[in-house]
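Before any comments, here is the structure.
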Amino acid sequence: MKAMLLAAGRGERLRPITDRLPKALVRVGGEPLIAWHLERLADAGCGETVINVSHLGEQIVEYVGDGRRFGLQVAYSREASPLETAGGIAQALPLLGAAPFLLVNADTYCEVAFAPLLAHDLGALLAHLVLVPNPAHRAQGDFSLANGCVGSGSGARYTYAGVAVMSPRLVAPVQRGAKAPLAPLLYAAVDEHQLSGELFQGLWQDVGTPERLAQLETQLAART
(Lines give C-alpha, C1' and ligand atoms only; values in the text may rest on other atoms or scores of the structure.)
Protein backbone atom coordinates (compact mmCIF):
# COMPACT_ATOMS: atom_id res chain seq x y z
CA MET A 1 0.00 0.00 0.00
CA LYS A 2 1.25 3.48 -0.85
CA ALA A 3 1.11 6.36 1.62
CA MET A 4 0.31 10.03 1.15
CA LEU A 5 1.65 12.75 3.42
CA LEU A 6 -0.33 15.98 3.43
CA ALA A 7 2.22 18.79 3.60
CA ALA A 8 0.81 21.64 1.51
CA GLY A 9 -0.82 23.79 4.20
CA ARG A 10 0.32 27.27 5.18
CA GLY A 11 0.22 26.76 8.94
CA GLU A 12 -1.30 30.17 9.64
CA ARG A 13 -1.67 29.62 13.39
CA LEU A 14 2.00 28.65 13.68
CA ARG A 15 3.24 31.96 12.32
CA PRO A 16 5.78 33.55 12.38
CA ILE A 17 7.62 30.18 12.26
CA THR A 18 5.79 29.18 9.09
CA ASP A 19 6.55 32.47 7.34
CA ARG A 20 9.99 31.03 6.58
CA LEU A 21 9.50 27.29 7.06
CA PRO A 22 6.79 24.88 5.86
CA LYS A 23 4.91 23.39 8.78
CA ALA A 24 6.06 19.87 7.93
CA LEU A 25 9.69 20.93 8.48
CA VAL A 26 9.11 22.41 11.93
CA ARG A 27 11.39 20.53 14.29
CA VAL A 28 10.29 18.69 17.41
CA GLY A 29 12.32 16.19 19.36
CA GLY A 30 15.31 17.07 17.19
CA GLU A 31 13.70 16.17 13.84
CA PRO A 32 11.29 17.79 11.39
CA LEU A 33 7.73 16.54 11.79
CA ILE A 34 7.77 14.97 8.34
CA ALA A 35 10.93 12.99 9.14
CA TRP A 36 9.19 11.20 12.01
CA HIS A 37 6.47 10.05 9.61
CA LEU A 38 8.85 9.03 6.83
CA GLU A 39 11.01 6.97 9.19
CA ARG A 40 7.98 5.22 10.67
CA LEU A 41 6.53 4.52 7.24
CA ALA A 42 9.79 2.92 6.12
CA ASP A 43 10.03 0.89 9.34
CA ALA A 44 6.46 -0.32 8.73
CA GLY A 45 7.36 -1.62 5.28
CA CYS A 46 5.87 1.13 3.13
CA GLY A 47 7.75 1.40 -0.14
CA GLU A 48 6.19 4.37 -1.95
CA THR A 49 5.03 7.70 -0.56
CA VAL A 50 3.43 10.71 -2.22
CA ILE A 51 3.85 14.14 -0.62
CA ASN A 52 1.74 17.10 -1.68
CA VAL A 53 3.51 20.44 -1.42
CA SER A 54 2.59 24.08 -1.93
CA HIS A 55 3.55 26.74 0.64
CA LEU A 56 7.37 26.83 0.66
CA GLY A 57 7.10 23.37 -0.80
CA GLU A 58 10.49 23.31 -2.48
CA GLN A 59 12.06 23.31 0.98
CA ILE A 60 10.32 19.98 1.60
CA VAL A 61 11.46 18.64 -1.78
CA GLU A 62 15.04 19.69 -1.03
CA TYR A 63 14.96 18.10 2.44
CA VAL A 64 13.31 14.79 1.52
CA GLY A 65 14.65 14.40 -2.02
CA ASP A 66 13.74 11.14 -3.69
CA GLY A 67 13.27 9.51 -0.29
CA ARG A 68 16.12 7.03 -0.57
CA ARG A 69 17.84 8.19 2.60
CA PHE A 70 14.62 7.33 4.45
CA GLY A 71 14.31 3.97 2.71
CA LEU A 72 11.38 5.13 0.59
CA GLN A 73 10.52 6.08 -2.96
CA VAL A 74 8.97 9.57 -2.82
CA ALA A 75 6.96 11.41 -5.48
CA TYR A 76 5.57 14.94 -5.22
CA SER A 77 2.18 16.39 -6.05
CA ARG A 78 2.71 20.13 -6.46
CA GLU A 79 -0.08 22.65 -5.90
CA ALA A 80 0.26 26.24 -7.10
CA SER A 81 -1.82 27.22 -4.08
CA PRO A 82 -3.05 24.88 -1.34
CA LEU A 83 -6.08 22.88 -2.48
CA GLU A 84 -7.17 21.83 1.04
CA THR A 85 -7.23 18.18 2.08
CA ALA A 86 -9.70 16.57 -0.35
CA GLY A 87 -8.49 18.79 -3.20
CA GLY A 88 -4.91 17.79 -2.50
CA ILE A 89 -5.79 14.11 -2.48
CA ALA A 90 -7.74 14.41 -5.74
CA GLN A 91 -4.79 16.22 -7.34
CA ALA A 92 -2.44 13.42 -6.29
CA LEU A 93 -4.56 10.48 -7.49
CA PRO A 94 -2.53 9.93 -10.70
CA LEU A 95 0.46 9.26 -8.43
CA LEU A 96 -1.48 7.21 -5.89
CA GLY A 97 -3.30 4.91 -8.30
CA ALA A 98 -6.65 3.20 -7.90
CA ALA A 99 -5.95 1.19 -4.73
CA PRO A 100 -6.56 2.35 -1.15
CA PHE A 101 -3.68 4.24 0.46
CA LEU A 102 -2.54 5.34 3.90
CA LEU A 103 -3.16 9.05 4.46
CA VAL A 104 -1.16 10.95 7.10
CA ASN A 105 -1.27 14.65 7.99
CA ALA A 106 2.39 15.70 8.03
CA ASP A 107 1.72 18.48 10.55
CA THR A 108 0.81 16.07 13.35
CA TYR A 109 2.99 13.94 15.59
CA CYS A 110 1.54 10.47 15.96
CA GLU A 111 2.96 7.20 17.28
CA VAL A 112 0.21 4.97 15.89
CA ALA A 113 1.54 1.75 14.36
CA PHE A 114 1.54 2.13 10.59
CA ALA A 115 2.16 -1.55 9.72
CA PRO A 116 -1.36 -2.80 10.57
CA LEU A 117 -2.87 0.15 8.72
CA LEU A 118 -0.77 -0.56 5.62
CA ALA A 119 -2.17 -4.09 5.68
CA HIS A 120 -5.76 -3.03 6.38
CA ASP A 121 -8.42 -4.32 3.98
CA LEU A 122 -11.12 -1.69 3.41
CA GLY A 123 -13.38 -4.05 1.55
CA ALA A 124 -16.27 -1.99 0.18
CA LEU A 125 -15.82 0.85 2.68
CA LEU A 126 -14.55 4.30 1.74
CA ALA A 127 -12.14 4.81 4.63
CA HIS A 128 -10.85 3.56 7.97
CA LEU A 129 -10.09 6.39 10.39
CA VAL A 130 -7.74 6.58 13.34
CA LEU A 131 -9.46 8.50 16.14
CA VAL A 132 -7.97 9.86 19.36
CA PRO A 133 -9.39 11.11 22.67
CA ASN A 134 -10.45 14.73 22.29
CA PRO A 135 -7.69 17.27 22.95
CA ALA A 136 -8.54 20.41 24.92
CA HIS A 137 -8.79 22.52 21.77
CA ARG A 138 -11.36 20.15 20.24
CA ALA A 139 -13.39 19.03 23.21
CA GLN A 140 -16.51 18.33 21.12
CA GLY A 141 -14.74 15.74 18.97
CA ASP A 142 -15.60 14.74 15.42
CA PHE A 143 -17.17 11.28 15.37
CA SER A 144 -18.62 8.54 17.52
CA LEU A 145 -17.14 5.05 17.42
CA ALA A 146 -19.01 1.85 18.19
CA ASN A 147 -17.92 -1.69 17.38
CA GLY A 148 -15.41 -0.41 14.85
CA CYS A 149 -17.99 1.72 13.02
CA VAL A 150 -17.52 5.49 12.76
CA GLY A 151 -20.73 7.44 13.20
CA SER A 152 -22.27 10.71 14.30
CA GLY A 153 -24.18 9.37 17.26
CA SER A 154 -24.80 11.04 20.59
CA GLY A 155 -22.49 8.77 22.56
CA ALA A 156 -18.80 9.29 23.31
CA ARG A 157 -17.11 11.23 20.55
CA TYR A 158 -13.51 11.28 19.42
CA THR A 159 -11.25 13.41 17.22
CA TYR A 160 -9.98 12.40 13.79
CA ALA A 161 -6.20 12.00 14.10
CA GLY A 162 -5.36 12.91 10.52
CA VAL A 163 -4.45 9.28 9.82
CA ALA A 164 -6.62 7.04 7.67
CA VAL A 165 -6.69 4.22 5.18
CA MET A 166 -8.63 5.72 2.29
CA SER A 167 -10.16 4.61 -0.98
CA PRO A 168 -9.72 7.02 -3.89
CA ARG A 169 -13.50 6.70 -4.30
CA LEU A 170 -13.97 8.97 -1.30
CA VAL A 171 -12.74 11.99 -3.27
CA ALA A 172 -14.41 11.00 -6.55
CA PRO A 173 -16.75 14.04 -6.34
CA VAL A 174 -13.75 16.42 -6.30
CA GLN A 175 -12.49 17.75 -9.62
CA ARG A 176 -8.72 17.78 -10.01
CA GLY A 177 -7.34 21.26 -9.35
CA ALA A 178 -10.35 22.32 -7.27
CA LYS A 179 -10.15 23.37 -3.62
CA ALA A 180 -12.13 21.04 -1.40
CA PRO A 181 -12.08 20.19 2.32
CA LEU A 182 -12.18 16.58 3.49
CA ALA A 183 -14.64 16.90 6.39
CA PRO A 184 -17.85 17.14 4.30
CA LEU A 185 -16.88 13.99 2.41
CA LEU A 186 -16.22 12.13 5.65
CA TYR A 187 -19.54 13.19 7.15
CA ALA A 188 -21.34 12.16 3.96
CA ALA A 189 -19.62 8.77 4.17
CA VAL A 190 -20.73 8.47 7.82
CA ASP A 191 -24.33 9.00 6.74
CA GLU A 192 -23.91 6.15 4.25
CA HIS A 193 -22.26 3.87 6.90
CA GLN A 194 -19.10 3.76 4.80
CA LEU A 195 -16.46 4.44 7.49
CA SER A 196 -14.77 2.13 9.97
CA GLY A 197 -12.36 3.25 12.63
CA GLU A 198 -10.15 2.53 15.61
CA LEU A 199 -9.17 4.42 18.74
CA PHE A 200 -5.51 5.27 19.36
CA GLN A 201 -4.63 6.32 22.89
CA GLY A 202 -0.88 6.79 22.56
CA LEU A 203 1.06 9.99 21.95
CA TRP A 204 -0.59 12.21 19.37
CA GLN A 205 -0.43 15.97 18.95
CA ASP A 206 -1.83 18.33 16.37
CA VAL A 207 1.04 20.81 16.15
CA GLY A 208 -1.24 23.69 15.19
CA THR A 209 0.02 26.48 17.45
CA PRO A 210 3.29 27.48 19.15
CA GLU A 211 1.75 26.42 22.46
CA ARG A 212 0.99 22.90 21.23
CA LEU A 213 4.45 22.65 19.68
CA ALA A 214 6.01 23.56 23.03
CA GLN A 215 3.79 21.05 24.82
CA LEU A 216 4.90 18.26 22.49
CA GLU A 217 8.55 19.25 22.86
CA THR A 218 8.17 18.97 26.63
CA GLN A 219 6.55 15.55 26.35
CA LEU A 220 9.29 14.18 24.13
CA ALA A 221 12.06 15.73 26.24
CA ALA A 222 10.64 14.10 29.36
CA ARG A 223 11.37 10.68 27.86
CA THR A 224 15.09 11.38 27.67
Side-chain angles (χ1 to χ4, degrees), residues 1-11 22-24 34 37-38 41 46-55 57 60 72-108 110 112 114 117-132 138 141-145 148-152 158-198 206 208:
M1 184 183 291
K2 293 182 181 180
M4 179 176 183
L5 288 174
L6 295 168
R10 296 189 62 87
K23 196 173 177 183
I34 200 168
H37 294 310
L38 292 169
L41 285 170
C46 180
E48 297 180 58
T49 301
V50 175
I51 304 174
N52 73 327
V53 294
S54 184
H55 173 65
I60 296 173
L72 296 165
Q73 179 181 332
V74 173
Y76 296 95
S77 177
R78 289 174 166 84
E79 302 169 18
S81 60
L83 297 175
E84 301 189 50
T85 303
I89 296 168
Q91 180 77 3
L93 286 183
L95 296 171
L96 290 167
F101 55 92
L102 176 61
L103 182 73
V104 181
N105 283 3
D107 60 0
T108 63
C110 186
V112 66
F114 285 150
L117 293 171
L118 288 165
H120 184 83
D121 183 3
L122 275 182
L125 297 179
L126 291 176
H128 177 82
L129 307 186
V130 176
L131 306 178
V132 293
R138 197 167 183 81
D142 297 313
F143 302 103
S144 59
L145 181 65
C149 296
V150 173
S152 55
Y158 303 97
T159 293
Y160 171 49
V163 178
V165 178
M166 188 168 293
S167 167
R169 293 184 294 119
L170 182 70
V171 298
V174 181
Q175 184 177 355
R176 285 195 68 214
K179 282 188 176 184
L182 183 61
L185 299 179
L186 292 178
Y187 285 116
V190 162
D191 292 341
E192 297 171 3
H193 308 288
Q194 287 290 301
L195 297 185
S196 63
E198 63 185 79
D206 168 15

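If you're wondering where the values come from, they're calculated on a predicted model, not measured in any experiment. As a basis for the values below, the full set of heavy atoms in this structure was taken, side chains included, without hydrogen atoms, waters or symmetry mates.
Considering all non-hydrogen atoms of both residues, Pro82 and Ala8 come closest at CG-O, 3.5 Å. In this structure, Ser167 and Leu125 approach most closely via the heavy-atom pair CB-O, 4.2 Å. In terms of heavy atoms, Gln91 sits closest to Arg176 at O-NH2, 3.2 Å. When all heavy atoms of Ala3 and Leu96 are compared, the pair lying nearest together is O-CD2, 4.2 Å. In terms of heavy-atom proximity, Ala7 sits nearest to Asn52 at N-OD1, 2.8 Å. Leu118 and Cys46 make their closest contact through CD1-CB, 3.8 Å (heavy atoms, listed as atom of the first residue, atom of the second, distance).
Between Asn105 and His37 the shortest side-chain heavy-atom distance does not fall below 4.5 Å. Looking at Val132 and Val112, their side chains never come closer than 4.5 Å, going by heavy atoms from C-beta outward. Between Leu129 and Asp142 there is no side-chain heavy-atom pair separated by less than 4.5 Å. For the pair Val163/Phe114, a side-chain contact is recorded, criterion being any heavy-atom separation below 4.5 Å from C-beta on. The closest side-chain heavy-atom distance from Leu6 to Ile89 is below 4.5 Å. At least one side-chain heavy atom of Leu117 sits less than 4.5 Å from a side-chain heavy atom of Glu198.
To the nearest 0.5 Å, the span separating CG on Leu102 from OG1 on Thr49 amounts to 8.5 Å. Within the model, atoms CD of Gln194 and CG of Leu122 stand 10.0 Å from one another, a figure rounded to the nearest 0.5 Å. Taken from CG in Leu131 to CG in Leu145, the straight-line distance is 5.5 Å, to the nearest 0.5 Å. Here the straight-line distance linking atom OG of Ser77 with atom CG of Leu93 works out to 9.0 Å at 0.5 Å rounding. With values rounded to the nearest 0.5 angstrom, Met1 atom CE is found 11.5 Å from Leu41 atom CG. Between atom CG of residue Leu126 and atom CG of residue Leu185 there is a gap of 9.5 Å, rounded to the nearest 0.5 Å.
Partners of Ser54 according to the side chain to side chain donor-acceptor pair (under 3.5 Å) rule, which considers only residues two or more places apart in sequence or in another chain, do not exist here.
Formation of a donor-acceptor pair under 3.5 Å by the Ser144 side chain with backbone atoms of Gly151 is found in this model. Without hydrogens or angle criteria, Asp107 side chain to Ala24 main chain gives no donor-acceptor distance under 3.5 Å.
Under the 4.0 Å criterion applied to side-chain N and carboxylate O atoms, Lys2 and Glu48 are assigned as salt-bridge partners.
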**Val50/Phe101 under side chain to side chain contact (heavy atoms under 4.5 Å, CB included): CA gap, chis, key distance, verdict** = CA-CA 10 Å; Val50 175; Phe101 55 92; over 6 Å; no

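With respect to Met4, the side-chain contact (heavy atoms from CB on, under 4.5 Å) criterion is satisfied by exactly one of Leu103, Val104, Leu95, Ile51: Leu103.
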